[in-house]
Amino acid sequence: MLLHSITAFGGPQGHLGMMYQTFVKRRRDVTEEELMEYNGFCQLLPGASSTQTLTLIGYKRGGLLLAVVTLLIWITPACMLMGGLSYLLDYFDDRGKTIHWFRFMTPMAIGFIGFSAFRFMEVSVKNTITRVIMVLATLATFLAFKTPWVFPALILLSGIVTNFSDKRIPNWEGKRKPVRWGNLLIFLFVFAVAAYLSETASNQNWKNRRAFNLFENAYRFGSLVFGGGDVLIPLMYEQYVTRPETRHIKSQNRDVLRINRDHFLTASGVVRAIPGPVFSIGAFTGGMVMRDDGQVAHASGIVIGAIAIFLPSALLVLFFFPVWQYLKKYAVIYRSLEGIHAAVVGIMAGSTCYLIMDTFWYPLWRAEPLAFADLGIVIVTALLLLSRRIQPPWIVVGCLLLGGLL
């Protein structure tokens with residue numbers, strides 16, 4: 001898990017390809033079908049989907065304790081890097097010597113996504129209806145990539161479509177277990193208490209009000225964001241950059257949490273170039289909004305931001321997954337899985353197409369040499385993964401070295 005956490009580039013779809021290589025092919029912790037099911041299930045929930053998928057792998061292997069350990073190991077390296085960025089932002093003003101090492105991380109990540117789509121298509125797309133779902137999901141993802149509702153909508157609609165056939169009936173296995181409501185109640189309780197304390201701290205001007213405001217903001221982002229980092233970052237930008245400059249806030253002279261625009265945009269770029277979850281930007285924002293209160297507050301902000309943004313994801317997935325395991329025994333849910341798996345493949349394929357267009361299309365049109373190099377990295381990465389001769393971490397190291405040399 002630690003090796004995965006320091007080599008997993010490319011966001012949720014890119015992470016899935018590396019999960020397949022590490023936890024399915026090499027370690028055999030889960031099967032291909034289980035990984036697809038976990039990923040499809042997590043796409044239905046708000047929060048960090050790759051984090052939730054990895055948490056479920058740990059839960060499957062060793063129960064609640066291993067799930068928590070897996071979660072902590074996964075998020076710690078990225079959160080440390082982003083927390084460190086909040087301390088070392090002045091150094092990043094001279095970005096050329098550092099960021100050019102990550103020159104080929106984006107095309108490499110796209111290669112991982114394309115490999116994932118191709119590999120899981122072999123497992124999940126087996127008949128006419130799943131082919132149609134995959135094609136439509138690919139088109140919808142490509143055309144509405146940055147629309148927050150597109151991913152859960154595709155998952156739900158695909159699950160409904162495959163229920164028009166009544167041929168597939170599940171076999172009941174094992175004893176049905178009662179639903180445990182503890183995690184959901186904790187999630188709702190923390191949400192309500194955080195909102196109350198944050199508002200009270202602001203109205204009564206508590207000395208440590210920033211810490212309460214930060215926890216509420218980060219917990220709310222982790223609870224309500226569908227669509228991953230591409231949705232999270234614009235919402236954070238509005239909260240920490242745009243909102244403090246609005247006429248309403250200025251007229252009331254409110255001391256709200258704020259981050260310099262250039263600093264935030266720097267962090268939003270760096271978080272995509274480092275391994276691990278994009279949600280680790282919560283550690284950066286936590287440090288930045290608390291740094292004016294001293295070094296202890298700065299460090300506390302990093303910890304609060306990281307914990308608060310990932311806590312909802314863990315509570316939700318560990319509550320809903322046992323319920324999901326029970327519900328999927330019903331025929332209607334069982335049939336839905338076929339459509340959900342096909343939709344996930346389409347989402348990955350559409351993501352690959354969109355990212356290639358968004359990253360390379362105009363440079364390729366202008367015949368820029370580096371654009372052809374980027375496209376070559378995408379193709380070579382996918383081919384190396386398909387050949388199974390080189391493990392993903394070595395591909396990452398190779399791209400880092402190539403970026404440093406060029």
Side-chain angles (χ1 to χ4, degrees), residues 12 38 40-56 58-59 63-72 74-75 79 148-149 151-153 155-156 176-204 206 208-229 231-232 235-236 238-240 257 277-283 285-286 289 300-301 303-328 333:
Y38 293 175
F41 165 71
C42 293
Q43 294 287 345
L44 293 169
L45 301 178
S49 58
S50 57
T51 299
Q52 292 168 326
T53 302
L54 287 163
T55 302
L56 286 181
Y59 184 79
L64 179 61
L65 178 60
L66 189 57
V68 173
V69 172
T70 301
L71 171 65
L72 292 175
W74 164 241
I75 69 175
C79 288
W149 51 262
F151 298 132
I155 296 290
L156 290 172
R176 296 177 180 175
K177 297 180 180 181
V179 176
R180 297 180 179 180
W181 297 92
N183 286 341
L184 183 61
L185 294 177
I186 293 172
F187 166 78
L188 296 173
F189 176 77
V190 173
F191 197 107
V193 171
Y196 172 77
L197 291 178
S198 176
E199 189 66 19
T200 303
S202 296
N203 292 336
Q204 297 183 8
W206 291 0
N208 297 320
R209 62 187 179 279
R210 287 175 179 269
F212 291 98
N213 297 155
L214 170 62
F215 185 92
E216 187 278 329
N217 285 344
Y219 193 87
R220 171 161 44 87
F221 289 138
S223 302
L224 302 178
V225 168
F226 286 93
V231 179
L232 171 68
L235 290 178
M236 280 189 162
E238 190 279 333
Q239 179 75 39
Y240 296 126
L257 304 180
V278 175
F279 273 59
S280 61
I281 196 174
T285 57
V289 299
S300 300
V303 175
I304 292 171
I307 292 176
I309 204 164
F310 284 107
L311 182 59
S313 297
L315 292 174
L316 286 172
V317 76
L318 292 176
F319 165 73
F320 280 108
F321 188 68
V323 178
W324 175 259
Q325 292 292 83
Y326 171 73
L327 291 176
K328 74 177 185 178
I333 303 296

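The structure places CG of Leu64 at 10.5 Å from OG1 of Thr55, a figure rounded to the nearest 0.5 Å. Here the CG-CG distance, from Leu56 to Leu71, works out to 11.0 Å after rounding to the nearest 0.5 Å. Atom CE in Met236 sits 4.0 Å away from atom OG1 in Thr285 (nearest 0.5 Å). Leu45 CG to Gln52 CD: the interatomic distance, rounded to the nearest 0.5 Å, is 5.0 Å. Summarising the geometry, atom CD1 belonging to Ile304 is positioned 13.0 Å from atom CD belonging to Glu216; distances are rounded to the nearest 0.5 Å. With rounding to the nearest 0.5 angstrom, the CD1 atom of Ile75 is 11.5 Å from the OG1 atom of Thr70.
At distances below 3.5 Å, at least one donor-acceptor pair connects side-chain atoms of Ser313 with backbone N or O atoms of Ala48. Judged by distance alone, with hydrogens and angles left aside, the side-chain atoms of Ser223 form a donor-acceptor pair with the main-chain N or O of Tyr219 at under 3.5 Å. For the pair Ser280 (side chain) and Pro277 (backbone), a donor-acceptor distance under 3.5 Å is present.
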Exercise for the section: Would you check, one step at a time, whether the test side-chain contact (heavy atoms from CB on, under 4.5 Å) holds for Tyr240 with Asn217? Expected result: CA-CA 10 Å; Tyr240 296 126; Asn217 285 344; 3.4 Å; yes
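Using a 4.5 Å cut-off on side-chain heavy atoms (C-beta onward), Phe215 and Leu197 make no contact. Side-chain contact between Leu318 and Phe187 is absent, with no heavy atoms from C-beta onward closer than 4.5 Å. Looking at Trp74 and Ser50, their side chains come closer than 4.5 Å, going by heavy atoms from C-beta outward. For the pair Phe279 and Thr51, the minimum side-chain heavy-atom distance is 4.5 Å or more. Residues Phe319 and Leu185 fail the side-chain proximity criterion, which asks for heavy atoms closer than 4.5 Å.
Pairing each heavy atom of Gln239 with each of Phe221, the nearest pair is CB-CZ, 3.7 Å. Summarising the geometry of Cys79 relative to Ala283, their closest heavy-atom pair is O-CB, 3.6 Å, with the distance given to 0.1 Å. Of all heavy-atom pairs spanning Ala218 and Gly305, the tightest one is CB-O, 4.0 Å.
Using a 3.5 Å distance cut-off with no hydrogens or angles, the side chains of Arg210 and Asn213 do not pair a donor with an acceptor.
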